[in-house]
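Below, each value reflects all heavy atoms present in this structure, side chains not excepted, and no hydrogens, waters or symmetry copies. Please read all numbers here as calculations on a predicted model, not as lab measurements.
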Amino acid sequence: MSGPLRLLLVEDSELDARLILRALGRSGLLPHHRRVATADELRAALRDARWDVLLSDHALPGFSSTEALAVLDEERAAGHTPELVDLPFIIVSGTIGEETAVEAMRAGARDYILKERLGRLAPAIERELREARGRRQRREVEERLQHAQKMECVGRLAGGVAHDFNNLLTAFVGYGGLLRKRLPDGDMRLRYVEGMLEAADHGASLTRQLLAFSRRQPLNPTVTSLNTIVLDTHKFLRRLIGEDLELVTNLSPELGNVKVDAGQMQQVILNLSVNARDAMPEGGRLTITTANEGGDERVTLTVSDTGTGMSALALAHLFEPFFTTKEGGKGTGLGLSTVYGIVTQNGGTIACTTETGRGTSFLVSLPLTREIAAPAPLSTPVSAAPITETVLLVEDEERVREIATEVLERCGYKVLSEGSAEGALARAAAHPGRIELLLTDVVLPGMNGRELATQLRAVRPEARVLYTSGYTDELAILNGLTGPGTLFLAKPYDPTALVRSVRDVLNAQLPRAA
């Protein structure tokens, strides 16, 4: 025991209770105890506090150990106090017979001790505490494994959905973007187009959340300070949580750096703050704190509220996707699972403490990095020179291919458009001029984008490469292919992002050959 034994004693005799406590004291167990003698008193005690062991007399006036077991089972089934699952129940009686004792054991009692043999009580309690601890540990391992398997299954499903959904959204955003450029300022139809694009952006946000909680979201880690991320988030956070909440930030001036995706960590702060806001419908205080911990090996971010707190049930399912306590239409159930996925993917951990009526705190812990933050890159002027480059576009989704072709041709690029890798290689072989850029989906029928790029560059070494994909598991195919002359553009992308990415790859300075 790491502290005093917390003993719940079902016993009507004060004298017998003293004898039991004295026997435990002689064996080195010094319990903090509570004595009850009725079903109502037992039920209240089980709900009011946590206990290490429950000892029950067999026959009390109007109450019995069998009835006490029934009360314990009811409370276990209700789930108000998860610790009751492993609470050992031991009968201590001077009147129980062997047949009754056997029935009690079948009903859930862990042992029975005769009052004239109290020397057996302390060893029995110590044994039961060890076994209860072992059961908890095994169950925790099983629950973690089940949770990991569930996350993996949902993650694979999410990834497959994201792949197809992002192709649809790319077409949706692309056609909408082209239509918006064709409508003059003041045209009433512009608001319909804007509404369509906002809906598409919301769909893209849901897809990013699906990928985030399953840890399949592409990362762009940079060395930064959590203080900077909090301050950058602060400007929208004030509008997001409303004026009736007090917003407090306690930022450590000596905070170490972390290497994380800053945009995703902003999403963590926003999601936790939205949850805190919803937990304080009558107003309250939202506090964001940063600190160095663990001997300056970890950096922590704490988001705390003074709201309603959470039930044991909500806490047990906290990071599960699609679990929500909000009424229909007011929550997707992806907010905290997204937070969990982002924090985990960035190498961190997250924990929660809550108290009903007193509030909730989320503690995010990230590894400190000794790397120095790189200076912000200098912006380069956009060249006004006419566009003359040729782009080999390879995309098996016809609508996406049509949109990308039109967008690039409108900018002045010559586009060679193909739906397969084999067709692209044949087209390149027949093209008499230079091919400055290969724009290809990562996954194609018959041959993937990396294999296509390798074969094309063998005969067209001047070609740069821009990869696109709607599902980040496909990035494993690229195996770290980044750097000058190679870039990745995530779907869904709009025309502006496509044009900017193409120009970035073509403008990149390549390293000189040795």
Side-chain angles (χ1 to χ4, degrees), residues 47-50 78-83 143 147 151 202 205-206 208-210 212-213 226-227 229-251 264-291 293 300-344 346 348-366:
R47 295 180 181 181
D48 289 347
R50 296 177 59 184
H80 301 304
T81 311
E83 295 81 6
E143 288 174 351
H147 179 72
M151 294 293 279
H202 182 64
S205 175
L206 287 176
R208 285 193 296 271
Q209 289 188 64
L210 286 169
F213 85 74
L226 285 179
N227 288 350
I229 295 175
V230 172
L231 293 173
D232 287 345
T233 311
H234 195 280
K235 49 183 177 287
F236 352 71
L237 200 53
R238 179 70 272 172
R239 294 194 299 271
L240 184 69
I241 66 174
E243 296 298 327
D244 56 337
L245 294 183
E246 181 186 0
L247 177 59
V248 179
T249 53
N250 298 320
L251 307 182
Q264 289 193 14
M265 291 309 301
Q266 282 191 352
Q267 188 66 49
V268 166
I269 296 171
L270 292 173
N271 283 14
L272 292 178
S273 298
V274 167
N275 261 46
R277 178 200 65 191
D278 294 344
M280 298 184 285
E282 306 300 325
R285 183 172 61 256
L286 171 64
T287 304
I288 301 176
T289 305
T290 60
E293 288 191 8
T300 61
L301 168 76
T302 305
V303 179
S304 303
D305 65 64
T306 57
T308 55
M310 285 182 282
S311 67
L313 175 65
L315 193 60
H317 297 277
L318 195 58
F319 299 116
E320 289 185 9
F322 311 115
F323 176 83
T324 180
T325 58
K326 298 175 183 177
E327 58 186 272
K330 292 194 175 180
T332 62
L334 288 175
L336 288 179
S337 56
T338 298
V339 167
Y340 177 85
I342 290 174
V343 171
T344 305
N346 280 275
T349 60
I350 182 169
C352 175
T353 57
T354 186
E355 187 176 349
T356 304
R358 300 290 296 274
T360 300
S361 290
F362 285 91
L363 174 67
V364 175
S365 177
L366 296 162

Under 4.5 Å between any side-chain heavy atoms of Leu226 and Ile229, yes or no?
yes
How close do Thr306 and Gly284 get, heavy atom to heavy atom, and via which atoms?
OG1-CA, 3.5 Å
Rounded to the nearest 0.5 Å, what separates atom OG1 in Thr308 from atom CD in Glu282?
10.5 Å
Can you give me the closest heavy-atom contact between Met280 and Gly307, atom names plus distance?
CG-CA, 3.4 Å
Once you round to the nearest 0.5 Å, how far does CE of Met265 lie from CG of Leu301?
6.0 Å
Which heavy atom in Val248 sits nearest to a heavy atom in Asn250, and how many Å separate them?
CG1-OD1, 3.9 Å
Distance (rounded to the nearest 0.5 Å) between Ile342 CD1 and Gln264 CD
4.5 Å
Donor-acceptor pair, Arg277 side chain versus Leu240 backbone, under 3.5 Å?
yes
Nearest heavy-atom pair of Ser361 and Thr302: which atoms, and what distance?
CB-CG2, 4.4 Å
Enter the distance from Thr287:OG1 to Asp305:CG here, rounded to the nearest 0.5 Å.
9.0 Å
Which atom of Gly348 lies closest to which atom of Leu366, heavy atoms considered:
CA-CD2, 3.8 Å
Does Arg50, at its CZ atom, have more than 12 non-hydrogen atoms belonging to other residues, nucleotides or ligands within less than 6.0 Å?
no
Report the distance from atom CG of Asn275 to atom CG of Leu286, rounding to the nearest 0.5 Å.
11.0 Å
Quick one: CD1 on Ile288 to CG on Leu247, what's the gap to the nearest 0.5 Å?
5.5 Å
How about Leu336 and Phe362: do any of their side-chain heavy atoms sit closer than 4.5 Å?
yes
